There are 2 protein chains.
Amino acid sequence: MTESDRAEDELTPPPEGTGAISAHMTVDRQASHFKRARQARETEIVEDYVELVADLIDEQGEARSVDVAKRLGVTGATVNKMIARLKEMDLVNAEPYRSVFLTDEGRKMAEASRARHHIVVALLRAVGVDEATAWADAEGMEHRCSPETLAAFADFVKKQKL
Amino acid sequence: MTESDRAEDELTPPPEGTGAISAHMTVDRQASHFKRARQARETEIVEDYVELVADLIDEQGEARSVDVAKRLGVTGATVNKMIARLKEMDLVNAEPYRSVFLTDEGRKMAEASRARHHIVVALLRAVGVDEATAWADAEGMEHRCSPETLAAFADFVKKQKL
DNA sequence: TACAATTCTTAGCCAAGGCTAACTTTTTAG
DNA sequence: CTAAAAAGTTAGCCTTGGCTAAGAATTGTA
Ligand SMILES: [Mn+2]
Ligand SMILES: [Mn+2]
Ligand SMILES: [Mn+2]
Ligand SMILES: [Mn+2]
């Protein structure tokens with residue numbers, strides 16, 4: 001197969017009913033989708049920790065690392081290391097042997113994550129997903145929805161409720 | 001705050017309108033959601049590579065690693081290492097300096113990923129997300145939907161079309 | 001108050017998935 | 001056929017996010 005057969009970065013006509021690149025898709029556009037996806041993949045763990053710290057503070061008055069560990073299903077050592085990173089990122093304040101607090105920035109991220117999380121659950125419920133599955137799947141999907149998609153979800157849920 | 005105030009692994013009454021743990025959620029259940037999410041996070045890169053290899057084969061007759069790299073937006077070295085892993089996992093066959101082929105297992109995974117990918121795009125379109133955003137967001141969400149959710153999506157799209 | 005249980009910290013390990021730089025092989029053009 | 005360009009390989013580096021094991025600090029209880 002020679003280079004001229006390939007038409008690298010051109011629009012390629014969709015060959016058959018395969019999953020191949022289609023009219024609106026170019027090599028560069030696809031690469032940028034993958035890059036955004038990798039970016040979101042990087043931030044999702046941080047978002048989960050911060051949201052969970054907020055949940056614990058709001059439910060129990062404080063976020064102890066042992067509770068963070070239990071709810072995430074990871075070890076205390078893992079939590080400890082992550083808390084250090086969050087501190088470095090100015091998302092939390094933490095002193096040795098004391099529980100964890102959110103900075104203003106951290107609280108903001110937590111609220112945003114929580115809101116996204118709830119919109120995704122609501123959308124899943126609205127299209128017929130059962131509650132248990134909705135909560136399970138939302139834990140991953142929540143981090144991968146753009147603001148545009150979240151807006152569409154919120155809109156849809158609201159309209160569908162009327 | 002003492003231990004008895006906390007009621008660790010019991011159902012906790014939702015304190016306020018916060019995002020806190022709610023009736024159907026326990027510490028263990030939440031931990032298992034996070035574990036599933038971490039699992040999906042691990043497999044998603046493999047799925048993307050395999051699906052993309054299938055796309056290239058179906059569109060262009062072969063999957064060259066330079067094309068995989070271009071579409072993913074990563075370097076050739078990165079692709080090379082991942083191809084070695086996929087080979088180890090029996091998802092692809094590959095010889096040095098030659099292009100990549102899917103094993104039966106790899107083809108199966110590719111078809112499944114592709115199908116999921118398309119269902120997610122269709123769902124997003126169906127609830128009002130524009131095409132560009134739908135393709136962008138689906139690239140991440142596709143890996144985080146359970147079979148149950150995908151079934152609900154397919155169902156919803158089908159009904160909504162009538 | 002003492003001691004036991006719990007929690008927290010630290011060190012060291014590992015795999016995944018990126019990268020750059022240098023080199024080899026294959027492919028293309030002249 | 002040969003030289004240049006393109007593609008592929010390899011080595012070495014880095015960060016992230018897990019883990020275990022060992023020990024230190026805190027907290028609960030007798
Ligand atoms: Mn969340
Ligand atoms: Mn999550
Ligand atoms: Mn896909
Ligand atoms: Mn993807």
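Predicted model, so just to flag it, every value in this text is computed and none were measured. Letters A, B, ... are given to chains in the order of the sequence lines, protein chains preceding strands, and every chain is numbered from 1.
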task = To the nearest Å, give me how far apart CE (Met89(B)) and C1' (dA16(C)) are.
result = 11 Å

query = Are the charged groups of Arg98(A) and Glu62(A) less than 4.0 angstrom apart, N to O?
reply = no

query = How many Å lie between CE on Met82(A) and P on dC8(C), as a whole number?
reply = 17 Å

task = Look at the side chain of Arg38(B) and the backbone N and O of Gly73(A), then say whether any donor-acceptor pair between them is shorter than 3.5 Å.
result = yes

task = Would you check if the side chain of Arg41(A) reaches a backbone N or O of Arg41(B) as a donor-acceptor pair within less than 3.5 Å?
result = yes

List every contact pair, protein side and nucleotides 19-26 of chain D side both N or O, where the distance is under 3.5 Å.
{"from": "dC19(D)", "atom 1": "OP2", "to": "Thr75(A)", "atom 2": "N", "distance (Å)": "2.9"}
{"from": "dC19(D)", "atom 1": "OP2", "to": "Thr75(A)", "atom 2": "OG1", "distance (Å)": "3.1"}
{"from": "dC19(D)", "atom 1": "OP2", "to": "Thr78(A)", "atom 2": "OG1", "distance (Å)": "2.8"}
{"from": "dA25(D)", "atom 1": "O4'", "to": "Tyr97(A)", "atom 2": "OH", "distance (Å)": "3.1"}

ask   = Atom CG of Asn80(B) to atom P of dC23(C): distance rounded to whole Å?
value = 18 Å

key: Distance, rounded to the nearest Å, where Leu86(A) contributes CG and dT16(D) contributes C1'   = 13 Å

key: Cationic N near anionic O, under 4.0 Å, Arg144(B) to Glu44(A)   = yes

inquiry  = Without decimals, in angstroms, what is the distance between Glu42(B) CD and dG18(C) P?
reply    = 13 Å

key: Between P of dG18(D) and CZ of Arg41(A), the distance in whole Å   = 11 Å

key: Side chain Thr103(A), main chain Asp90(A), donor-acceptor under 3.5 Å   = yes

query = Should Arg64(B) be listed as having a side-chain N or O under 4.0 Å from OP1 or OP2 of dA7(D)?
reply = yes

query = Is Glu111(A) salt-bridged to Arg114(A), going by a charged N under 4.0 Å from an acidic O?
reply = yes

inquiry  = Without decimals, in angstroms, what is the distance between Ile45(A) CD1 and dA16(C) P?
reply    = 16 Å

query = Between dT25(C) atom P and Glu95(B) atom CD, what is the distance in whole Å?
reply = 16 Å

